[in-house]
Amino acid sequence: MGELPQHWKVATLGEISKFSQYGINSPSGGGSRYPMLRMNNIQAGHLDTTDLVYVELNEDEFKHFRLEPNDILINRTNSIDLVGKSSIFQLEGDYVFASYLVRFRLVDDVYPLFVHYYLNSEIGQQILKTMATKGVSQANINPTNLKKRFTVPLPPLPEQRKIAAILSTWDEAITLTGRLVDALKRRKQALMQLLLTGEVRFAEFDGEWEEVALGQLFRERVETGFQNLPLVAITSNDGIVYRDSLDRRDTSTEDKSKYLHILPGDIGYNTMRMWQGVSGISSIEGIVSPAYTICVPQERVNANFMSYLFKLRSMIHIFWRYSQGLVDDTLSLKFNNFAKIEVSIPSTLEQSKIAEVMFHCDREMENLAGLVKQFESQKRGLMHQLLTGAVRVQVEE
């Protein structure tokens, strides 16, 4: 961390806490009265209330476990990657918390939001994870050791408030931009439903849409022996990408002689996950696992239009109906069944127009999502500078 600025001090979490407390030992909920925050409700330093459980408590129990504004919550037990997740309670309403969380209420001369940001900084998270003891499937942070060993660099209170205010501004920008991305996603879904079904037409088109089987629009590409080409993957959210760009373990086999050739313009899908919408149009050449199916568009179809059509919820349901298997985990949509599915399509000119509109929706979302990542990266760098005193802020006397 380096030498701290003048007037800064270092204090343990125990020294700056009025008290700490384990949560309610009722992980399954089972009530309907009080919402209970659990370890999965802490996401990226924020409290996510989309998946709450409720518990029944008597009045004394509720008073004992009721969260107060600015209480700090730390996840003491989880996987080694997730243990130490932390957030600050600033929600409206009556909430309690579960046993895998520890609540810290801080002393009055420490600004809780500053400590929250330090706990969620790269330095803070690294320290928390080094304090965790690894078990068979989970890691645990002992709250007693946490109070004794976790230290926080503290500037004077006015500087704590100013630093927290600056970082809160970045959080607000990230949140608002993220909401814009979510709104654009909803708009895209609505446009897909309207345009890809012909419910809304462009003024320059009035011809009837044609019912045609997918087997008339695509042929299957089964080409092997291209093992010198790069390995690609087909994802549900990012489409078709180079495999080494993904942050996940490579499970491909060493012998790739049976891997399938895919070319730009082909549509590939996960044979066992097409009913979940795992498909995409390729802009790259490479090879994919034999677990995928490669479809080559024919002249009467616009591949981009079809790639959007394959993401339509009603279409994904049809893929599920045509997939074969005893249970969902074994469902498989081979090309021979894929080819039997009938779809309604307009002329290639109208297909191209619809695909162009959807393409611009995607670019708009990607630009905003990139802005969110840029804000998050800049915030991380700023947190390190401000929370360690490497960069000072001006505070009015």
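Keep in mind it's a predicted model, so treat the numbers as computed, not measured.
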Next on the checklist: Quick test of your reading: applying side-chain hydrogen bond (donor to acceptor under 3.5 Å, both in side chains), list the pairs with at least one residue in residues 375-385, sequence neighbours left out, ordered by first then second residue.
Outcome noted: Asp171-Lys379

Checklist entry - With sequence neighbours excluded, what pairs up with His317 under the ring pair (Phe, Tyr, Trp, His ring centres under 6.0 Å) test? => result Trp320

Checklist outcome for this item: Residue pairs meeting salt bridge (charged side-chain N to carboxylate O under 4.0 Å, His left out), one or both in residues 333-358, sequence neighbours left out, come to Arg201-Glu350

Item to check | Phe359 and Tyr308 aromatic centres sub-6.0 Å | outcome: no

Item to check | salt bridge (charged side-chain N to carboxylate O under 4.0 Å, His left out) contacts in which one or both residues fall within residues 258-273, not counting sequence neighbours | outcome: Arg221-Asp266

Item to check | salt bridge (charged side-chain N to carboxylate O under 4.0 Å, His left out) pairs, two or more places apart, involving residues 84-106 | outcome: Arg66-Asp94, Asp71-Arg103, Asp71-Arg105

Checklist entry - Applying salt bridge (charged side-chain N to carboxylate O under 4.0 Å, His left out), which residue pairs with at least one partner in residues 300-309 are found, sequence neighbours left out? => result Glu210-Arg300

Checklist outcome for this item: Arg149 meets the side-chain hydrogen bond (donor to acceptor under 3.5 Å, both in side chains) criterion, sequence neighbours left out, with none

Item to check | side-chain hydrogen bond (donor to acceptor under 3.5 Å, both in side chains) contacts touching residues 152-161 (sequence neighbours left out) | outcome: Glu159-Arg392

Item to check | Pairing residues for Asn120 by the side-chain hydrogen bond (donor to acceptor under 3.5 Å, both in side chains) criterion, not counting sequence neighbours | outcome: His116

Item to check | Test ring pair (Phe, Tyr, Trp, His ring centres under 6.0 Å) applied to Phe335 - qualifying residues, sequence neighbours left out | outcome: Phe338

Item to check | Any residue meeting ring pair (Phe, Tyr, Trp, His ring centres under 6.0 Å) with Tyr111, in chain and number order, not counting sequence neighbours | outcome: none

Item to check | Those residues that, when tested against Phe89, pass ring pair (Phe, Tyr, Trp, His ring centres under 6.0 Å) (two or more places apart) | outcome: Tyr95

